[in-house]
Engineer: 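I am attaching a structure below and will ask some questions about it afterwards.
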Amino acid sequence: MKVLVTGGAGFIGMHTASTLIELGYEVHIADLLHSYYSLERKNIHLQQIEKTGKFHFCRVDLTDRKATAELFTAVKPDAVIHLAALPGVAYSLEEPLLYVDYDVKATINVLEAAGKSDVKKVVFASSSSVYGDQPGKPLKEEMANGQVISPYAASKWSAESFCHVYASLYSYSVSILRFFTVYGPWGRPDMAIAKFIKLAMNGQPVEIYGQGSGRDYTYVDDIVNGIVLSLTDEKPFEIWNVGAGHPVLMSRLLERLKMYFPALEVQIKGHRTGDVTSTWADISKMTKDKSYRPTVSIEEGLERTIKWAYENKEYL
Ligand code: NAD
Ligand code: UGA
């Protein structure tokens, strides 16, 4: 089976591509190598994938409708895992229009090109941010209502809606996966866990935005497992949460980090606009439908990520 992974040079993409290669899929990666974070880092991701086996790479901007169509005509994939996007919540408040291009327009281009080139399966990377700010309870798929609080979340909600449109226009099966705050080796440098570990290793203070926040931090291997489980699903249109199912308060995350970095200095700052207070994935639907079970606890995941960070200091 030939799988096109868009955004395959990114954090989740590199882990996904490596796993698919190990599982025997023919893997094609389409990535712009966007400068949201360093290009050097993305090239290292590609080198890491190469260690697991061969893959095909195409540098392409999926906001370009013609280039996207040409990519699909050339590759003729059986399935596409669409991860390419601008991912940060905070940056979306600075540059909202970029998110319309990179998260909505690029998704429409992919959905259209996939339909025209006879793709059988589309997996779309959505986000826990589509639930908006609904703290204190497990988030079930049907609780998303469009009442979101950042341009990033609005663009993911809109892209989900386009997935629904194109699932009705073409005969492919669409799985929308709502990932919950993903971390692990090669984690995105702008995100809390990767950022905090780097600062702690350098003896610098971490800044905490607001108080009482929490996240359903999900280890990247569990996310990749969710992607692989959905890849062979044949239902016309389905939405699943992919999370750990256990919210972790910021205070607990910091306590855990202090076990590794006892001198860690914490500075409390004001709430960051656009950030939801907390997330908590109800994963019962994915568990029931696909036998999805997260396997890496936050304790184990942090241990692995910190070990990775020490072994790869030069790339942090
Ligand atoms: P990432 O930034 O590491 O990876 C995204 C990749 O997409 C990058 O390599 C980038 O160069 C590429 N890209 C961006 N725009 C492109 C374009 N127009 N054409 C081609 N390539 C393009 O981000 P990530 O954390 O790996 O996230 C992957 C996906 O998962 C994103 O859609 C993100 O919104 C979603 N997601 C991530 C998280 C998380 O916690 N990391 C949580 C929920 C959802
Ligand atoms: C993350 C990703 O950035 C999004 O791409 C993704 O869509 C989203 O998860 C998701 O789950 O859908 P977020 O949960 O905000 O967004 O992840 P982080 O940026 O790692 O922030 C986690 C928590 O740490 C938040 O409460 C944030 O306010 C806090 N934080 C972050 C700090 O206190 N200090 C920092 O320096 C960074």
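All of these numbers come straight from a predicted model, not from anything done at the bench. We count residues from 1, following the sequence as given. Atoms within each ligand, like the ligands themselves, are counted from 1 in listed order.
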Engineer: Hey, does Tyr37 come in under 3.5 Å of ligand 1, counting only N/O atoms on both sides?
Structural biologist: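 The answer is yes, given that Tyr37 and ligand 1 share an N or O pair closer than 3.5 Å.
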Engineer: Should Glu70 and Lys66 count as an ion pair when the cut-off is N to O under 4.0 Å?
Structural biologist: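 Between Lys66 and Glu70 there is a salt bridge, with a charged N closer than 4.0 Å to a carboxylate O.
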Engineer: Is a donor on one side and an acceptor on the other found under 3.5 Å between the side chain of Thr295 and the backbone of Arg293?
Structural biologist: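 No; judged by distance alone, with no hydrogens or angles, the pair does not exist.
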Engineer: Nearest protein heavy atom to atom 29 (C) of ligand 1, by residue and atom, and its distance?
Structural biologist: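 Nearest neighbour among protein heavy atoms for atom 29 (C) of ligand 1, to 0.1 Å: Leu83 O, 3.1 Å.
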Engineer: Which bit of Phe179 is near ligand 2, meaning a heavy atom under 4.0 Å away: side chain, backbone, both or neither?
Structural biologist: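 Backbone only; the side chain of Phe179 stays clear of ligand 2.
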Engineer: Report the relative orientation of the aromatic rings in Phe11 and His15; use parallel for angles under 30°, tilted for 30 to 60°, perpendicular for over 60°.
Structural biologist: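 Because their plane-to-plane angle is over 60°, the rings of Phe11 and His15 count as perpendicular.
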Engineer: Give a yes/no on ligand 2: does Phe196 have at least one heavy atom closer than 4.0 angstrom to it?
Structural biologist: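 Flag set, Phe196 near ligand 2.
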Engineer: Centroid-to-centroid, Phe55 to His28, below 6.0 Å?
Structural biologist: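 Not under 6.0 Å, so no.
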Engineer: May I ask you to say whether Asp221 pairs ionically with Arg304, meaning some side-chain N is under 4.0 Å from a carboxylate O?
Structural biologist: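 Salt bridge flag = yes for Arg304 with Asp221.
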Engineer: At their closest point, which heavy atom of Lys285 faces which heavy atom of Ile239, and how far apart are they?
Structural biologist: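 Taking every non-hydrogen atom into account, NZ-O, 2.6 Å.
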Engineer: So, do Tyr315 and Trp186 have ring centers that fall under 6.0 Å from each other?
Structural biologist: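 Tyr315 vs Trp186: aromatic centres under 6.0 Å.
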Engineer: Please confirm whether Arg178 comes under 4.0 Å of ligand 2, counting heavy atoms of the residue only.
Structural biologist: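 So Arg178 does not count as touching ligand 2.
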Engineer: If we only count N/O pairs under 3.5 Å, is Ile12 in contact with ligand 1?
Structural biologist: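 So ligand 1 has an N or O lying under 3.5 Å from an N or O of Ile12.
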Engineer: Over 60° means perpendicular and under 30° means parallel, so classify the ring planes of Tyr36 and Tyr91, tilted if in between.
Structural biologist: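 Ring orientation of Tyr91 relative to Tyr36: tilted.
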Engineer: Purely on distance, is any nitrogen or oxygen of Ala192 under 3.5 Å from one on ligand 2?
Structural biologist: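 Yes; the residue has a nitrogen or oxygen that sits under 3.5 Å from a nitrogen or oxygen of the ligand.
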Engineer: Which ligand 2 atoms, with their elements, are less than 4.0 angstrom from a heavy-atom of Ser128?
Structural biologist: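 Matching atoms, with element in brackets: 10 (C), 11 (O), 12 (O).
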Engineer: I'd like to check whether Arg215 has a polar contact with ligand 2, where a contact means an N/O of the residue lying under 3.5 Å from an N/O of the ligand.
Structural biologist: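 Yes, there is a polar N/O contact under 3.5 Å.
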Engineer: Report yes if some N/O of Leu86 lies less than 3.5 Å from some N/O of ligand 1; otherwise report no.
Structural biologist: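 No - when backbone and side-chain N and O of Leu86 are compared with those of ligand 1, no distance drops under 3.5 Å.
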Engineer: Quick check: does Pro87 get an N/O under 3.5 Å from an N/O on ligand 2?
Structural biologist: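 Min N/O separation from ligand 2 is below 3.5 Å for Pro87.
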Engineer: Minimum heavy-atom separation for Thr52 to Ile21, with atom names?
Structural biologist: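 It is O-CG2, 3.7 Å.
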Engineer: Pairs of nitrogen or oxygen atoms closer than 3.5 Å, one from Ser128 and one from ligand 1: do any exist?
Structural biologist: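 Such a contact does not occur with ligand 1.
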Engineer: If you count the atoms of ligand 1 from 1 in the order shown, which ones are under 4.0 Å from a heavy atom of Lys42?
Structural biologist: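 Under 4.0 Å from Lys42, ligand 1 has these atoms: 8 (C), 9 (O), 10 (C), 11 (O).
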Engineer: Considering non-hydrogen atoms of the protein only, which is the closest contact for atom 14 (C) of ligand 1, and what is the distance?
Structural biologist: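 Ranked first by proximity to atom 14 (C) of ligand 1 is Ala85 O, 3.4 Å.
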Engineer: Please state which protein non-hydrogen atom is closest to atom 24 (P) of ligand 1 and give its distance, to 0.1 Å?
Structural biologist: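 Going by distance alone, atom 24 (P) of ligand 1 is nearest to Arg188 CD, 3.9 Å.
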